[in-house]
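One structure below.
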Protein chains: 2
Amino acid sequence: MTEIQKSILNNGMKVTPQRLAVLKFLKNNRIHPTAEKVHSELLKDYPSLSLTTVYKTLAKFVEEGMIKELDIDPNKMRFDICVDDHDHFHCQVCDNVYDIFYDKKNCDDNLQKCNGEGHRVDSVSVNFKGVCKYCEGMSAGVL
Amino acid sequence: MTEIQKSILNNGMKVTPQRLAVLKFLKNNRIHPTAEKVHSELLKDYPSLSLTTVYKTLAKFVEEGMIKELDIDPNKMRFDICVDDHDHFHCQVCDNVYDIFYDKKNCDDNLQKCNGEGHRVDSVSVNFKGVCKYCEGMSAGVL
DNA sequence: GTTCGTGCAAATCTTTTGCAGTTTC
DNA sequence: GAAACTGCAAAAGATTTGCACGAAC
């Protein structure tokens, strides 16, 4: 039994080809895909996979804490396999989302000082916006 | 001529009752409302105001840099009058969004160190999630 | 065999668009 | 009066739901 199969079972879900495919895709493609992206990419190998199932599968994974929803894209939800704490950069040109491993220690110190202004803070996410190095390179005529 | 009228004119827009109403609402109610919220609140005083006009008005204000869109709510867009740089706390219980005035200086120092991992960073927003003091108080039986 | 998962079609929710009529400058 | 604005109805895009059939345990 593979690790992927185990992690589905361990979270109280039945193991199905669809779930294996979605989870494997997320593990192997750290591109913070939308549901639509997951679906269109997997259609090649699983022609009968429905978009509805992708949505339901992703929702289930989120519910079980296996993946996270990213509120970084104004129009669509993006999904990210849970790994070490990290943040995200959203390119305004190509629309891709990149991981940023960013030391939040000082931020957290400040947060403690302002004490969340009295609210109970459960999570902090830092979202960067701009132009990614690939798009910037192209517009500068470097690539 | 009021300040509100001036700021609409100065941004190259025509002054209409609808725009005055929307802008006044945003200035007087720092609640980061959705378009729907703006519309439903203004209906009391402007019964013929359409939701479409609210959307178009908000889009225009964003285009002119008078307000900002907040990507903090997964389902709907929220709008915020532009003031000093600040961040937001999103309560997972009541769904309200609160301003957080949070010293990002140390964050920015770190950002310079990691240099945006090679990307050109134009803006950084810090989003807090949790339970606000009002909801927390209620569940604790304090209020 | 029971429970859970899948996928179709239809519904829902937010936001956008086309267009005819109206208002602003 | 020309250009911009409003609001209706319809469309669009993302996501959810109801339900019958099928697969997993």
Side-chain angles (χ1 to χ4, degrees), chain A residues 1-2 4-23 25 32-43 45-64 66-67 69-79 95 97, chain B residues 1-2 4-23 25 32-43 45-64 66-67 69-79 95 97:
Chain A
M1 177 169 296
T2 69
I4 301 222
Q5 286 178 308
K6 268 188 221 162
S7 70
I8 293 178
L9 266 180
N10 290 344
N11 283 287
M13 283 173 265
K14 287 183 179 173
V15 176
T16 67
Q18 292 90 336
R19 285 177 176 171
L20 287 172
V22 171
L23 193 52
F25 180 80
H32 319 87
T34 61
E36 172 59 39
K37 177 75 174 173
V38 172
H39 181 239
S40 64
E41 291 293 319
L42 289 179
L43 268 190
D45 296 321
Y46 305 84
S48 67
L49 177 66
S50 79
L51 182 55
T52 301
T53 295
V54 171
Y55 272 108
K56 286 179 180 171
T57 300
L58 291 169
K60 192 79 181 149
F61 288 167
V62 169
E63 194 186 319
E64 299 299 333
M66 299 162 68
I67 66 178
E69 294 178 315
L70 298 188
D71 299 342
I72 199 174
D73 197 321
N75 304 306
K76 354 178 205 341
M77 187 60 79
R78 288 168 177 268
F79 298 88
D95 200 40
V97 172
Chain B
M1 176 169 295
T2 69
I4 301 223
Q5 286 178 308
K6 271 188 218 160
S7 70
I8 293 178
L9 266 180
N10 290 343
N11 283 287
M13 283 173 265
K14 289 184 176 170
V15 176
T16 66
Q18 292 89 337
R19 285 179 176 169
L20 287 172
V22 171
L23 193 52
F25 180 79
H32 319 87
T34 62
E36 172 59 37
K37 177 75 175 174
V38 173
H39 180 240
S40 65
E41 291 294 318
L42 289 179
L43 267 189
D45 296 321
Y46 304 85
S48 67
L49 176 66
S50 79
L51 182 55
T52 300
T53 295
V54 172
Y55 271 107
K56 287 178 180 171
T57 300
L58 291 170
K60 191 81 180 144
F61 288 167
V62 169
E63 195 187 318
E64 298 300 333
M66 299 163 68
I67 66 177
E69 294 178 312
L70 298 188
D71 299 343
I72 198 173
D73 197 318
N75 303 308
K76 356 180 204 332
M77 186 61 77
R78 287 166 178 271
F79 299 89
D95 200 41
V97 172

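In what follows, chains are A, B, ... by sequence order, proteins preceding strands, each numbered from 1. All heavy atoms count here, side chains included; hydrogens, waters and symmetry mates do not.
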Original post:
Which value, rounded to the nearest 0.5 Å, describes the distance between B:S48 atom OG and B:L42 atom CG?
Top reply: 11.0 Å

Original post:
Do you know which two heavy atoms are closest between B:A35 and B:V54, and how far apart they sit?
Top reply: O-CG1, 3.6 Å

Subject >> Interatomic distance, A:L58 CG vs D:dA14 P [rounded to whole Å] >> reply: 15 Å

Original post:
Out of curiosity, A:L20 CG to A:Q5 CD, how far, rounded to the nearest 0.5 Å?
Top reply: 5.5 Å

**OP:** Let me know the distance between NZ of A:K60 and C1' of D:dT17, rounded to the nearest Å.
**Re:** 16 Å

Original post:
Separation of A:L9 atom CG from D:dA24 atom P, in whole Å?
Top reply: 12 Å

**OP:** Measure from the side-chain N and O atoms of B:R78 to the backbone N and O of B:H32, and report whether any donor-acceptor pair falls under 3.5 Å.
**Re:** yes

Subject >> Interatomic distance, B:M66 atom CE to B:N10 atom CG [nearest 0.5 angstrom] >> reply: 9.0 Å

**OP:** Using five base pairs at each end, measure the axis-to-axis angle across the helix from C:dG1-D:dC25 to C:dC25-D:dG1 and round it to 10 degrees.
**Re:** 40°

Subject >> B:S40 side chain to B:E36 backbone, donor-acceptor under 3.5 Å >> reply: yes

Original post:
Is the distance from OP1 or OP2 of D:dA23 to the nearest side-chain N or O of A:Q18 less than 4.0 Å?
Top reply: no

Original post:
Does A:T57 offer a backbone N or O that forms a donor-acceptor pair with the side chain of A:R19 under 3.5 Å?
Top reply: no

So which protein nitrogen or oxygen atoms get under 3.5 Å of nucleotides 8-11 of chain D's nitrogens or oxygens?
none

**OP:** Would you please test A:D73 and A:V97 for side-chain contact (heavy atoms from CB on, under 4.5 Å) and show each step?
**Re:** CA-CA 9 Å; A:D73 197 321; A:V97 172; 5.7 Å; no

Subject >> Separation of D:dA4 C1' from B:N11 CG (nearest whole Å) >> reply: 15 Å

Original post:
Using a cut-off of less than 4.0 Å, is there contact between a side-chain N or O of A:Y55 and OP1 or OP2 of D:dT15?
Top reply: yes

Subject >> Along DNA chain C, first and last positions that approach a heavy atom of chain A under 4.0 Å >> reply: C:dT3 to C:dA9

Original post:
Could you give the CG-to-C1' distance, from B:D73 to D:dA14, as a whole number of Å?
Top reply: 15 Å

**OP:** Let me know, please, whether A:T16 or B:K76 comes out on the 5' side of the other along DNA chain C by nearest nucleotide.
**Re:** A:T16

**OP:** State the CG-CG distance between A:N75 and B:D71, to the nearest 0.5 angstrom.
**Re:** 8.5 Å

**OP:** To the nearest Å, give me how far apart CD (A:E36) and P (D:dA12) are.
**Re:** 16 Å

**OP:** Please state whether the base of D:dA3 and the side chain of B:K14 form at least one donor-acceptor pair under 3.5 Å?
**Re:** yes

Subject >> A:Y55 OH to A:M77 CE distance, which is reported to the nearest 0.5 Å >> reply: 10.0 Å

Original post:
Could you state the interatomic distance from OG (B:S50) to NZ (B:K56), rounded to the nearest 0.5 Å?
Top reply: 7.5 Å

Original post:
Nearest-Å distance, CD1 (A:I8) to C1' (D:dC25)?
Top reply: 15 Å

**OP:** Please lay out, stage by stage, how B:V22 and B:K60 fare under the test side-chain contact (heavy atoms from CB on, under 4.5 Å).
**Re:** CA-CA 11 Å; B:V22 171; B:K60 191 81 180 144; over 6 Å; no

Original post:
Can you tell me how far P of D:dC5 sits from CD of B:E63, to the nearest Å?
Top reply: 10 Å

